[in-house]
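Everything on this sheet refers to the single structure shown next.
Predicted, not measured: the structure shown is a model, and the values here were computed from it. The analysis underlying the following values was restricted to heavy atoms, covering all of them including side chains, and did not include hydrogens, waters or symmetry mates. By convention in this document, chain letters (A, B, ...) are assigned in the order of the sequence lines, proteins followed by strands, and residues within each chain are numbered from 1.
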Amino acid sequence: MTKEKNNKPSKELPLGFVDRQEKELLVRDFIISNIKEIMIKYGFQYLETPSFEYSDSIGKFLPDKDRPDEGVFSFKDENKWMSLRYDLTAPLARYVAKNYLEIPKPFKRYQLGTVWRNEKPGPGRFREFLQFDADFVGTKSLQADAELCVMISEILEKCGLTKSEYVIKISSRKITEELFKKININENQQKLTTLRALDKIDRLGWSGVKELLGAGRKDKSGDYTKGANLKSKDIKVIEETLKKKSPDTEDLVEIFKIFKNYNFNNFEFDPSVIRGLEYYTGAIFEVNLKFDVTNNRGQVIQFGSIGGGGRYDNLVNNFGNFDAPATGISIGLDRLVYALMQKKEFKVKQSKPVVICVFDKNSMKEYINVQLILRKAGISTEIYPGESKLKKQMEYANKIKSPAVILYGEDEIKSGKPTLRNLRNGKEQSIKINELANEIKKII
RNA sequence: GCAGCAGUAGCUCAGUUGGUUAGAGCACUAGUUUGUGGAACUAGGGGUCGGUGGUUCGAAUCCACCCUGCUGUACCA
């Protein structure tokens, strides 16, 4: 690299975007195959919608209407603004509205797709990530809400999490609505500030939340956050509400009954679960991990939830007049991958190819013959992709973690018995071509 | 966005109060071994010290601004 490097394209990635390597992708594939299997079992339809939508299809449901395009990546196509989707729920609402007459009602669909958020990234948190969504549209039945939780739990356990490693926290927007009535808050901004404060109880504890409900709070770095300015007697009422051990709203009482019928008990009633969204109208879920997650320096980090959801009875109605009450749940797959990879006992099998070394270009036909036989037997096999000294070829095989190499030089070709070298223990044996596949299977 | 900390080789870092040609380990390349990887030894390549401007006889080191990263915080459909 010389002076010219200034003229060369940057090898840096845009903020919040990452290359994902095989190890991670295989874990992701493992999770996806579990999801698909369970979705079929639960009877959801598979759907894909495009990455881009017209901005007004997703933008006009933003909670803060005063800054409609903040947080999304957008560009102007001809004269219309389009944006990369920021979740899979808004596109679902658009899809349901567009296809309302054709789709079954209720409509159950699941979707796997990349979403983009123009926000500051954090550990295990990117500006481009894969999300899984499952929703019921067109039913008010609480059976749907309950089943979503049971289903998520089945997915997590299928992926290797034990009951003690995760919990689904549940609350209802109805609880906070009643609370607001009780303490007489009507102003929307104050409601939002209050909800956001409550949402932080995990991290800040009640004392921090109390500060945010009152005048405000100074964080570790010295930054100051303005509070909701509630009266201390109202804060007292909120504190009492948060202490409740069991729900007194009808929806949650019903949902918990259904859980019992499913024998599902890995949930927790938690009135501090808020999920910040304005569009939720009933039950709210949040999927939390119960073990520490660390960054690549080994420090424990604030990881937050790996997914959540809830009931949103009015969202589809934003596109017109539809009878489409809905409930859904989503998981951030990359966050689940990140967390899963931290579990020591978690392993995903990677099959690496057996490498056939190249001694002499004129013997290519012989190498190909061995390759065809092994591939036919279902063994991942490659002829060394290059022209190097044997030492280089061995180093290559070692580097890609190949289980074995096949040495098929002049002498071996003459006798029809290639040498199989086990790269884990260095042992070599000379084997007839037609017995090669079976021998290799013993090694793998 | 706000705040704190930090940017020296591909990676992890050292670099003394400003002083010649900027160092180490790992990785990489070549060789010791022209049919044998993971060990050892030898040699080698690789840096406008994040960028720009300033102070100075002299800056990786001091100052200003900018960029990037980490952590917290805000926002998070």
Side-chain angles (χ1 to χ4, degrees), chain A residues 1-6 10-16 53 57-65 67-72 83 85-93 115-123 125 127 129 131 133 192-193 196-197 199-200 203-204 208 212 216-226 274-280 295-297 299-302 304-305 308-310 312 315 318 328 330 332 355 357-360 384 388-412 419-428:
Chain A
M1 275 191 267
T2 54
K3 272 183 187 172
E4 294 151 47
K5 86 173 176 189
N6 290 337
S10 167
K11 60 182 191 289
E12 304 306 322
L13 289 167
L15 176 68
E53 298 268 351
S57 305
I58 53 178
K60 68 180 164 190
F61 312 118
L62 294 170
D64 296 323
K65 313 241 157 67
R67 43 189 198 110
D69 272 349
E70 197 153 309
V72 296
S83 303
R85 62 185 174 206
Y86 55 77
D87 72 359
L88 299 176
T89 312
L92 169 67
V115 303
W116 293 266
R117 294 190 184 182
N118 193 354
E119 303 169 348
K120 187 197 148 177
R125 212 179 166 181
R127 298 212 288 182
F129 57 97
Q131 212 172 43
D133 254 53
L192 275 175
T193 311
R196 282 169 190 157
D199 200 32
K200 294 178 178 64
R203 280 189 286 129
L204 309 179
L212 286 172
R217 177 179 177 271
K218 207 184 209 179
D219 73 42
K220 256 193 337 203
S221 68
D223 195 22
Y224 191 78
T225 310
K226 252 171 77 180
I274 301 297
R275 299 218 45 87
L277 311 182
E278 264 195 312
Y279 71 50
Y280 288 128
N295 64 11
N296 52 16
R297 290 178 185 172
Q299 305 163 304
V300 175
I301 49 173
Q302 285 295 339
S305 68
Y312 52 98
L315 189 58
N318 281 319
S330 57
V355 176
C357 293
V358 175
F359 288 89
D360 181 358
Y384 177 76
S388 309
K389 292 197 279 193
L390 188 59
K391 185 178 159 111
K392 286 275 135 230
Q393 302 191 37
M394 297 294 290
E395 280 170 0
Y396 167 80
N398 188 49
K399 182 93 179 176
I400 65 166
K401 297 200 169 71
S402 165
V405 295
I406 287 164
L407 303 169
Y408 202 29
E410 214 180 327
D411 297 343
E412 283 99 340
T419 301
L420 175 66
R421 182 181 174 93
N422 181 329
L423 286 184
R424 302 220 172 85
N425 59 19
K427 282 185 184 147
E428 282 182 3

* With distance as the sole criterion, do the side chain of A/N398 and the base of B/G38 form a donor-acceptor contact below 3.5 Å? -> no
* **Whole-Å distance separating the CD atom of A/E119 from the C1' atom of B/U73** => 14 Å
* To do: Tell me what A/R117 touches on the nucleic acid: a base, only sugar-phosphate, or nothing, going by heavy atoms under 4.0 Å.
  => sugar-phosphate
* Asked: Nucleotide by nucleotide, 5' to 3', does protein get under 4.0 Å of the base (B), only the sugar-phosphate (S), or neither (-) in nucleotides 25-35 of chain B, counting heavy atoms?
  -> -----SSB--B
* Asked: Is it true that atom CD of A/E410 has more than 12 heavy atoms of other residues, nucleotides or ligands lying nearer than 6.0 Å?
  -> no
* Find the distance A/K218:NZ to B/U73:C1' and express it as a whole number of Å. => 13 Å
* pair A/K226-A/T193: side-chain heavy atoms closer than 4.5 Å -> no
* To do: Using the C1' atoms only, state how far B/U73 lies from B/G10, rounded to an integer number of Å.
  => 34 Å
* Separation between the P atoms of B/G38 and B/A30, rounded to whole Å -> 13 Å
* Starting at atom CD1 of A/I406, determine the distance to atom P of B/G37, rounded to an integer number of angstrom. => 18 Å
* Atom CZ of A/R127 to atom P of B/G1: distance rounded to whole Å? -> 10 Å
* Partners passing ring pair (Phe, Tyr, Trp, His ring centres under 6.0 Å) against A/F359 (at least two apart in sequence or in another chain) -> none
* If you measure from the C1' atom in B/C41 to the same atom in B/A14, how many Å do you get, rounded? -> 26 Å
* State whether A/E53 and A/R85 are salt-bridged, where the test is any N-O pair (Lys NZ or Arg NE/NH1/NH2 against Asp/Glu carboxylate O) under 4.0 Å. => no
* Asked: Got A/R117 and A/R127 here, is their nearest side-chain heavy-atom distance under 4.5 Å?
  -> no
* To do: Starting from P on B/C75, measure out to CG on A/D199 and report it in whole angstrom.
  => 9 Å
* To do: Would you classify A/K200 as touching base, sugar-phosphate or nothing, given that sugar-phosphate means primed atoms plus P, OP1 and OP2, and contacts are heavy atoms under 4.0 Å?
  => sugar-phosphate
* Any side-chain heavy-atom pair of A/L407 and A/L390 under 4.5 Å -> yes
* To do: Rounded to whole angstrom, note down the C1' distance from B/G23 over to B/A60.
  => 12 Å
* Asked: Do the side-chain N or O atoms of A/R203 get closer than 4.0 angstrom to the phosphate oxygens (OP1, OP2) of B/A74?
  -> yes
* To do: With side chain to side chain donor-acceptor pair (under 3.5 Å) as the test, would you mind laying out the steps for A/S388 and A/Q393 before giving the verdict?
  => CA-CA 6 Å; A/S388 309; A/Q393 302 191 37; 5.9 Å; no
* Euclidean distance for C1', B/C62 against B/U56 (whole angstrom) -> 10 Å
* Asked: Under 4.5 Å between any side-chain heavy atoms of A/Y86 and A/W116, yes or no?
  -> no
* Does any donor atom in the side chain of A/T419 or A/E412 lie under 3.5 Å from an acceptor atom in the other side chain? -> yes
* Asked: Out of curiosity, A/N118 CG to A/S83 OG, how far, rounded to the nearest 0.5 Å?
  -> 10.5 Å
* Asked: Reckon A/R85 touches a base, only the sugar-phosphate, or nothing at all at heavy-atom distances under 4.0 Å?
  -> nothing
* Within less than 4.0 Å of OP1 or OP2 of B/U36, is there a side-chain N or O belonging to A/K427? -> no
* For atom C1', what is the distance between B/U16 and B/U61, given to the nearest Å? -> 11 Å
* To do: Take A/Y396 and A/L212, find for each the nucleotide of RNA chain B with the closest heavy atom, and name the residue whose nucleotide sits nearer the 5' end.
  => A/Y396
* Whole-angstrom distance between B/G45 and B/G58, as gauged at atom C1' -> 30 Å
* P atom, B/U12 versus B/G69: distance in rounded Å? -> 15 Å
* Where each pair must be Watson-Crick or G-U wobble with both distances under 3.5 Å, what dot-bracket representation of RNA chain B is obtained, with crossing pairs in [ ] and other-strand partners as |? -> (((((((..((((.....[...)))).(((((.......))))).....(((((..]....))))))))))))....
